[in-house]
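Everything below concerns the one structure shown next.
Counting from 1, the numbers follow the sequence of the chain as shown. Note that the coordinates shown come from a computational prediction; the quantities given were computed from them, not determined experimentally. Every number for a ligand or one of its atoms is a count from 1 in the order of the listing.
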Amino acid sequence: MSFFDSLVKYGIPFVPRPIVGRVARNYVAGNSIDDAVRTLRALNEEGAMGTVDVLGEEVQEPVKATAAVGEYLRLLDRIDKEKLDANISIKPTMLGLKIDQGMCEENLSIIVERAAGYENFVRIDMEDHTCTDSTIQLYRRIHQTSPGSVGVVLQAYLHRTIADITGLLPLKPNIRICKGIYREPREIAWKDFETIRSNFVYATEKLLSSGAYVGIATHDPHLVWAGMKIVDRLGLDRERYEFQMLLGIDPELRRIILSNGHRLRVYVPYGQDWYPYLLRRLRENPTVAHHALLAMIR
Ligand code: FDA
């Protein structure tokens with residue numbers, strides 16, 4: 001990364017929120033369930049599926065975790081009522097993981113039960129390394145009662161991920177594999193771009209060749225190609241995997257994936273609490289952050 005890119009990346013927290021908010025429009029469906037529904041309908045018309053994330057994380061008060069459960073239940077009801085091709089994604093810290101793991105599990109179970117009633121599905125997002133063990137434990141426990149209705153995320157940048165896959169394979173797990181977005185120390189995470197890519201490919205291959213369902217979550221064309229190559233070589237039918245992308249990033253790649261006959265799911269965040277999510281997106285792409293900084297200067 002160039003010196004200028006680093007400057008842009010670390011300068012973003014000083015940009016006033018209203019300006020960052022303008023950039024948010026690309027990455028976030030809006031403030032309400034209605035906004036998410038509109039975005040999902042458009043994606044479904046395009047041939048893509050959705051996974052909806054209610055924005056919010058690091059909840060410290062049980063009442064806020066309970067409110068998040070209520071919002072996710074309303075969301076599941078609405079997805080079913082509107083007959084949308086969409087599931088949901090949840091950050092455990094929004095359901096109180098940092099307050100009490102048992103409470104978080106209860107909250108998550110309520111949501112998964114509702115999803116299972118609709119034959120829908122809940123993806124447990126993966127947050128920073130302080131949450132990895134507890135998130136995998138949550139997945140294992142909820143998988144016992146609702147194996148077909150829950151999945152988890154693993155991050156290719158973590159040294160431990162291949163071992164985590166080995167441990168989870170007996171469950172025939174449903175895993176989203178992604179590079180990983182949090183800033184992690186070198187003791188636990190690969191830092192080099194090519195090594196993370198290689199580990200992503202290794203993890204994807206290990207999962208797919210062992211019978212796991214895999215969400216291949218990336219906008220990196222090299223990894224999309226590598227994923228297509230693996231499923232072709234293994235002769236997998238399209239119900240065994242899906243590609244996944246974030247809302248607002250590279251719609252042309254979305255069309256390329258779909259037109260090659262693969263299934264694609266788009267991650268659709270909505271809600272008032274968009275700032276931390278957007279900050280991560282901007283840090284990951286200095287070009288977009290650059291536009292935000294220029295807008296501020298203007
Ligand atoms: P990379 O970052 O190399 O990007 C490839 C190309 O995509 C770039 O060259 C650029 O063109 C484009 N691009 C990437 N980011 C962009 C941006 N913000 N704006 C504009 N263009 C951009 N992480 C995590 O830790 N836990 C999780 O639960 C999830 N969940 C998740 C779900 C889904 C559906 C996706 C796609 C990703 C995640 N992630 C995640 C994020 C993931 O770990 C990773 O940070 C991003 O996907 C970026 O990595 P890429 O593989 O896209 O490659």
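Only the side chain of Arg176 comes within contact range of ligand 1, with a heavy atom under 4.0 Å; no backbone atom does.
Considering backbone and side-chain N/O of Met126, one or more are found under 3.5 Å from N/O of ligand 1. Between Ile181 and ligand 1, a contact under 3.5 Å exists for at least one N or O pair.
Counting atoms of ligand 1 from 1 in the listed order, those under 4.0 Å from a heavy atom of Asp125 are 28 (O). Heavy-atom contacts of Val153 reach the following atoms of ligand 1: 27 (C), 28 (O) (cutoff under 4.0 Å). Using a 4.0 Å cut-off to heavy atoms of Leu246, the atoms of ligand 1 that qualify are 32 (C), 33 (C), 34 (C), 35 (C), 36 (C), 37 (C). Within ligand 1, the atoms closer than 4.0 Å to a non-hydrogen atom of Tyr27 are 17 (C), 18 (N), 19 (N), 20 (C), numbered from 1 in the order shown. Those atoms of ligand 1 with a heavy atom of Tyr182 less than 4.0 angstrom away are 25 (O). Near Gln155, with a cut-off below 4.0 Å to any heavy atom, the atoms of ligand 1 are 24 (C), 25 (O), 26 (N). Of all the atoms in ligand 1, the ones that sit under 4.0 Å from a non-hydrogen atom of Tyr267 are 32 (C), 34 (C). The contact set between ligand 1 and Phe193, taken as ligand atoms under 4.0 Å from a residue heavy atom, comprises 3 (O).
Tyr267 and Ile88 fall into different hydrophobic clusters, where Ile, Leu, Val, Met, Phe, Trp and Tyr side chains are chained together by heavy-atom contacts under 4.5 Å.
Below 30°, between 30° and 60°, or above 60°: for Phe243 and His262 the angle between ring planes is above 60°, a perpendicular geometry.
Taking only non-hydrogen atoms, the option from Arg123, Gln244, Glu242, Lys179 nearest to atom 1 (P) of ligand 1 is Lys179.
Checking Thr51 against Asn87 by side-chain atom types alone, a donor-acceptor pair falls below 3.5 Å.
Side-chain contact between Lys191 and Tyr157 is absent, with no heavy atoms from C-beta onward closer than 4.5 Å. When side chains are defined from C-beta on, Thr218 does not count as touching Cys178, because their heavy atoms never get closer than 4.5 Å. Counting heavy atoms from C-beta outward, Val37 and Tyr270 have side chains that stay 4.5 Å or more apart.
Heavy-atom distances between Phe200 and ligand 1 stay at or above 4.0 Å for every pair. Residue-ligand proximity: Ile249 is placed with a non-hydrogen atom under 4.0 Å from ligand 1. For Arg280, the heavy-atom gap to ligand 1 stays at 4.0 angstrom or more.
A salt bridge between Arg160 and Asp133 is present, with a side-chain N of the basic residue lying under 4.0 Å from a carboxylate O of the acidic one. Note on Lys64 versus Glu71: no salt bridge recorded, every NZ/NE/NH1/NH2 to OD/OE distance being 4.0 Å or above. Under the 4.0 Å criterion applied to side-chain N and carboxylate O atoms, Asp125 and Arg176 are assigned as salt-bridge partners. Of the charged side-chain nitrogens involved, none lies within less than 4.0 Å of a carboxylate oxygen, so that Asp128 and Arg183 do not count as a salt-bridged pair.
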